[in-house]
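Working notes for the structure below.
Numbered from 1 within each chain, the chains take letters A, B, ... in sequence-line order.
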Protein chains: 2
Amino acid sequence: MSNINEVAKRAKVSPMTVSRVLNQSGYVKEETRQRVLAVMEEMNYVPNQLARSLVKQKSMTLALIVPDITNPFFTTVARGTEDMARKSGYRVIFCNSDDDFLKEQEYTEMCLLLRVDGIIMAASGDRSKANLERLKKFNIPLVCIDREVKGIDTDLIVGDSLAGARALTQHLIDLGHRHIAMVTGPLSISTSRERLQGYKETLRQNGIDYRDDYVKEASYNQQTSGQYLDDLLASTPRPTAIFTANNFVAAQVVRGLRERQIRVPEDLAIVTFDEMEPYCAVAEPLLTSALQHAYNFGSLAVQLLMERIDGVPIAQPRRIVLNPDIVIRRSSGEKL
Amino acid sequence: MSNINEVAKRAKVSPMTVSRVLNQSGYVKEETRQRVLAVMEEMNYVPNQLARSLVKQKSMTLALIVPDITNPFFTTVARGTEDMARKSGYRVIFCNSDDDFLKEQEYTEMCLLLRVDGIIMAASGDRSKANLERLKKFNIPLVCIDREVKGIDTDLIVGDSLAGARALTQHLIDLGHRHIAMVTGPLSISTSRERLQGYKETLRQNGIDYRDDYVKEASYNQQTSGQYLDDLLASTPRPTAIFTANNFVAAQVVRGLRERQIRVPEDLAIVTFDEMEPYCAVAEPLLTSALQHAYNFGSLAVQLLMERIDGVPIAQPRRIVLNPDIVIRRSSGEKL
DNA sequence: TTGCCATATGTTATCGCTAACACAAAACTA
DNA sequence: TAGTTTTGTGTTAGCGATAACATATGGCAA
């Protein structure tokens, strides 16, 4: 692969002139420019971004670290990130932590090795603190999304889990439900905790007793709803509705209910956070949901990064809270 | 961020000795090694991969270009790619072409700029030829997966679309169906063409007339099954079964049928290529499918790349054909 | 005509690292 | 004991690009 010196020699100019043509910087006579361009074309010259990044001290690369890129929420975040980054001339490296601290750590180190200019991270859990601290130590622009990590202060974009959970729970109550169960995600994740809190508060505000045995914590590892659904269904009185904390949990629960031949919403109502689109367009029934604008999580995160990268140093970490939309669909059923 | 020279100075050795410690190459006295390591720790030294890649002429990076990372098939390919690459010490950059030639082209150029060591590509269509040719011109190790591109000879890993399509069609015929429709993906993609061919052949072998109006070409842009389903359903006689060419098309069709209140498989049987897992675990009914081992597409592709990267030059492009598994599920129904 | 500025191009140093070679000193071999 | 090999470390050059400065024109105002 040819380099700038070879091009320069063939075009009978200095490498610097070639560089000027490449970057459209400084003065170059039109005639010279054309000649250089012709030689570049002829030699199939492609500038070496590695060398550029080295001298410019800038890689024009961002990293997005998410727990699970197959999750439609994060896929959409990725889209938002990529689109906005491209507008600013940046590339994005996508990293999948698989909700695994060690994998997340590896990617964190990779980001340092590659000298990425900024990082967007949906933490795999509270353990992520160590990884985030390491990044902060190097003053790499950093935005956390979706999940807040205790004891770490960074720019942050989260959904309003509390409000969403309240609205969903209230919706069930308004429909006449009094025995409402909840299946949360791992409580090591901030969104799970907040959604649980919103659920509890709303029950209390409506004078409904909170019951521990109505709350189950699903794991991201298990592929099925396993034991906890049986437990829930065996409770007395049996819940008439379930609030699932996110799309992943919802998929588990819906599948579990189907296996047990329990109809939604006739036998049991369901409300959830997040979507299961697009492939799950085939899901039945369509789920009543607190819909988060995942795309905005990504694009806004990039905007925050850009301000930190280009701009004057900003002292304070910023916190953006995005409201979910409550979309009423069939799964929550009719008024009892 | 500190560099190798600063570490060297502080450790009172030459940069070369630090480099030796870093790379565990050459001779370094244990005592010196410990001292250097201590200084690296103390200074938070992280080697600069850009500089390394520049001098080594090797980026230790592969690129995976796929049309749609949200498609469970490609997500699984990505997993296979990443896992195998990591085993060999390589990173993977994931690129989403969105089935868009221009975006694919941009990513192709990015790969060149970044001097990636190898590329795995699921072409967006036959137009991709130009992009592949550009890559070939630079002799970058290249493996095409899933889709073959006319007029380009590269290492290739494809599923046996012909055999899969034959098996699925035969399955329907064996169940007693005689009026079998097909919804293909864009015919600019080799898999679509081959699956269509397998369908046609099998019909003929069973003495069933092939009808043009039983075949519809779905687009990846349209989110719904739009007009073509109505057309199919209005045909005389109305088809009793549909063969969908992949998971994306299947999702469209299943959704469309549901909107039209047509039951699967009672009113209409469905068979398809690919899975819709994991989020579509909630899909109902479960689809009879020619299941491709997506993970192997990815991991095998990396193995082929590695042979080209490390090994002696291999003259001939290689072609690997992976067999799909036929998984019979509820959507194809009972014997008529 | 002098001086200044815009234009056009080149030279040198440097980004951070490693390959290749050089050179001691220590350890072994004959 | 002299010669060879192993061990340990340093020096120099170069990967491919650009920043910063240097230099040389020509044009134009004063």
Side-chain angles (χ1 to χ4, degrees), chain A residues 1-37 39-40 43-61 89 109-117 138 140, chain B residues 1-37 39-40 43-61 89 109-117 138 140:
Chain A
M1 219 149 161
S2 52
N3 62 31
I4 203 171
N5 292 300
E6 291 167 29
V7 172
K9 196 172 292 180
R10 181 96 74 110
K12 299 190 201 306
V13 292
S14 73
M16 201 52 223
T17 298
V18 178
S19 173
R20 291 196 183 96
V21 172
L22 272 177
N23 297 286
Q24 310 183 52
S25 63
Y27 292 110
V28 181
K29 204 198 288 181
E30 180 58 23
E31 187 192 316
T32 314
R33 208 178 74 86
Q34 290 304 335
R35 183 157 36 97
V36 170
L37 284 174
V39 172
M40 294 200 307
M43 301 182 74
N44 281 312
Y45 172 68
V46 178
N48 187 321
Q49 184 60 43
L50 301 171
R52 270 187 182 164
S53 299
L54 185 59
V55 60
K56 291 222 173 164
Q57 298 285 66
K58 202 139 183 291
S59 61
M60 298 306 286
T61 304
E109 286 308 312
M110 182 187 93
C111 289
L112 293 172
L113 283 168
L114 294 179
R115 302 296 195 265
V116 303
D117 297 324
F138 293 95
I140 299 178
Chain B
M1 219 150 161
S2 53
N3 63 32
I4 203 171
N5 292 301
E6 291 167 28
V7 172
K9 196 171 292 177
R10 181 95 75 111
K12 298 188 200 307
V13 293
S14 74
M16 199 52 222
T17 298
V18 179
S19 174
R20 290 196 183 97
V21 172
L22 272 177
N23 297 287
Q24 311 183 51
S25 64
Y27 292 109
V28 181
K29 203 199 288 181
E30 181 56 23
E31 186 193 316
T32 314
R33 207 177 74 86
Q34 290 305 336
R35 183 157 36 98
V36 170
L37 285 174
V39 172
M40 294 200 306
M43 301 183 72
N44 280 313
Y45 172 68
V46 178
N48 186 321
Q49 183 59 44
L50 300 171
R52 267 187 185 165
S53 298
L54 185 60
V55 59
K56 290 222 174 167
Q57 300 285 63
K58 201 139 184 290
S59 61
M60 299 306 285
T61 304
E109 287 308 312
M110 182 187 93
C111 289
L112 293 173
L113 283 167
L114 294 180
R115 302 296 196 266
V116 303
D117 297 323
F138 293 96
I140 299 177

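- Taking atom NZ of residue A:Lys58 and atom P of nucleotide C:dT14, one finds them 23 Å apart after rounding to whole Å.
- When atom types are taken as modelled, the side chain of A:Asn3 and the backbone of A:Glu6 share a donor-acceptor pair closer than 3.5 angstrom.
- Under the 3.5 Å distance criterion, the side-chain polar atoms of A:Arg33 are left unmatched by any main-chain donor or acceptor of A:Val21.
- Rounded to whole Å, atom P of D:dC15 lies 18 Å from atom CZ of A:Arg52.
- Closest of all the heavy-atom pairs between B:Pro15 and B:Ile4 is O-CD1, 3.6 Å.
- Here the P atom of nucleotide D:dA17 and the CD atom of A:Gln49 are 10 Å apart, to the nearest Å.
- The C1' atoms of five pairs define one axis at each end of the helix from C:dT1-D:dA30 to C:dA30-D:dT1, and these two axes lie 40° apart (to 10°).
- Atom pair B:Gln57:CD and D:dA17:C1' shows a separation of 13 Å (rounding to whole Å applied).
- Heavy-atom minimum distance, A:Ile140 versus A:Val116: CG2-O, 4.1 Å.
- For B:Leu114 and D:dG16, the CG to C1' distance is 14 Å, given to the nearest whole Å.
- Each of A:Ala51 and B:Ser14 was assigned the nucleotide of DNA chain D with the nearest heavy atom; the assignment lying further toward the 5' end belongs to B:Ser14.
- Near-neighbour residues of DNA chain D inside residues 15-32 of chain A, defined by a heavy atom below 4.0 Å, number-ordered: A:Met16, A:Ser19, A:Asn23.
- Interatomic distance, OG1 of B:Thr17 versus NZ of B:Lys12, reported as 14.5 Å (0.5 Å rounding).
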